[in-house]
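Remarks on the structure that follows.
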2 protein chains.
Amino acid sequence: MDPVACYCANARRAALALTAAYDEALARHGLKVTQFSLLRAVERHGAPNLTALAGATGLDRSTLGRNLRLLEAQRLVTLSPGDDQRDRVVALSRAGRSRVRAAARTWAGVQEALGRALGEDAERLVAITRRVTALLPVEAA
Amino acid sequence: MDPVACYCANARRAALALTAAYDEALARHGLKVTQFSLLRAVERHGAPNLTALAGATGLDRSTLGRNLRLLEAQRLVTLSPGDDQRDRVVALSRAGRSRVRAAARTWAGVQEALGRALGEDAERLVAITRRVTALLPVEAA
DNA sequence: TGGCGATGCGGGTATATGCCCGCGATGGAT
DNA sequence: ATCCATCGCGGGCATATACCCGCATCGCCA
């Protein structure tokens with residue numbers, strides 16, 4: 001049926017499909033799923049600086065910086081200088097927190113629907129993608 | 001451990017990690033894994049036109065057009081007008097075919113290493129990502 | 001056969017992503 | 001106290017991705 005079971009191509013395509021689905025649902029909150037995820041990451045880690053947050057999210061530091069500036073323009077996060085003048089400390093604004101709370105309800109609905117549709121594969125999806133993520137940076141080292 | 005088992009965020013991160021790994025391996029062929037996958041898709045489908053290829057790959061048509069123009073600049077594919085003057089028919093050039101053949105050996109090495117590292121999860125990864133991909137466009141309809 | 005809806009595509013705009021380079025701030029070694 | 005290696009970051013460049021709009025072409029139908 002398929003001579004090309006490329007792990008990467010399949011993962012990319014599934015990620016794009018999931019992204020489109022979540023994006024559509026989150027659109028009424030003015031957020032894309034990438035932005036929602038980033039806001040959640042900031043909420044969880046309250047990043048001391050961009051490099052640390054980059055490590056936590058697996059994103060490139062410069063990517064992170066640009067994405068955060070878009071959220072800053074929406075007044076959802078603040079980027080302030082830290083004690084170390086080199087750092088930029090990231091934090092959710094009040095508006096950011098309430099936006100995340102509102103969007104999280106929509107997000108949970110999508111999660112739930114997908115979880116029902118996928119059954120046991122839902123947990124497997126999370127387990128395997130995490131395993132892949134954890135495995136690969138090690139390969140590079 | 002993790003209050004946020006977002007299917008999308010996990011899938012995106014795994015896809016990025018996989019992309020980085022394949023990209024690094026394919027770099028010596030002057031290809032990114034997205035380009036390699038696209039060349040393979042053209043080879044498989046011998047696309048009648050961009051819209052059909054977009055449907056086959058799950059990519060947006062305009063994305064596909066731009067990506068193909070980069071490959072055209074490398075003389076790896078040709079974009080020629082079809083009988084229907086609206087169509088742009090895509091085909092691999094001779095250089096494209098040989099580039100794909102060479103890169104495919106490197107690709108197979110990465111596949112094999114990942115398959116060994118992941119064990120049974122490798123097949124599950126493919127099965128589940130395909131299921132997700134197949135499921136989601138239907139949700140939208 | 002003339003016209004209009006449908007189709008295929010490119011380009012504009014916006015976001016996401018990563019690499020590399022250079023600049024400025026730090027901090028430890030001398 | 002000075003100086004250099006290190007660290008954190010922004011910006012430039014390239015690619016990937018998607019949406020929308022407008023243009024050209026087609027095909028069908030009256």
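Predicted model, so just to flag it, every value in this text is computed and none were measured. All heavy atoms count here, side chains included; hydrogens, waters and symmetry mates do not. Throughout, protein chains are lettered first and strands after them, A, B, ... in sequence-line order, and every chain is numbered starting at 1.
- Residue Arg88(A) has a polar side-chain atom (N or O) positioned under 4.0 Å from OP1 or OP2 of dG10(D).
- Within 3.5 Å, a donor on the side chain of Ser62(A) pairs with an acceptor on the base of dC19(C), or the reverse.
- Side-chain nitrogen and oxygen atoms of Arg12(A) include at least one within less than 4.0 Å of the OP1 or OP2 phosphate oxygen of dT17(D).
- Residue Gln35(B) places at least one side-chain N or O under 4.0 Å from the OP1 or OP2 atom of dA16(D).
- Counting any heavy atom pair closer than 4.0 Å across all strands shown, Arg13(A) reaches no nucleic acid atom.
- Under 3.5 Å, the side chain of Arg86(A) and the base of dT26(C) form no donor-acceptor pair of N or O atoms.
- If you check every strand for non-hydrogen atoms under 4.0 Å, Asp60(B) touches a base.
- In this structure, Thr63(B) reaches the dA18(D) phosphate: one of its side-chain N or O atoms is under 4.0 Å from OP1 or OP2.
- In terms of phosphate contacts, Thr34(A) brings no side-chain nitrogen or oxygen within less than 4.0 Å of OP1 or OP2 of dT15(C).
- OP1 or OP2 of dG11(C) has not a single side-chain nitrogen or oxygen of Arg61(B) nearer than 4.0 Å.
- One finds a side-chain N or O of Asn67(B) lying less than 4.0 angstrom from the OP1 or OP2 phosphate oxygen of dT17(D).
- For dG12(D), the base has a donor-acceptor partner in the side chain of Arg66(A) [N/O atoms by modelled type, under 3.5 angstrom].
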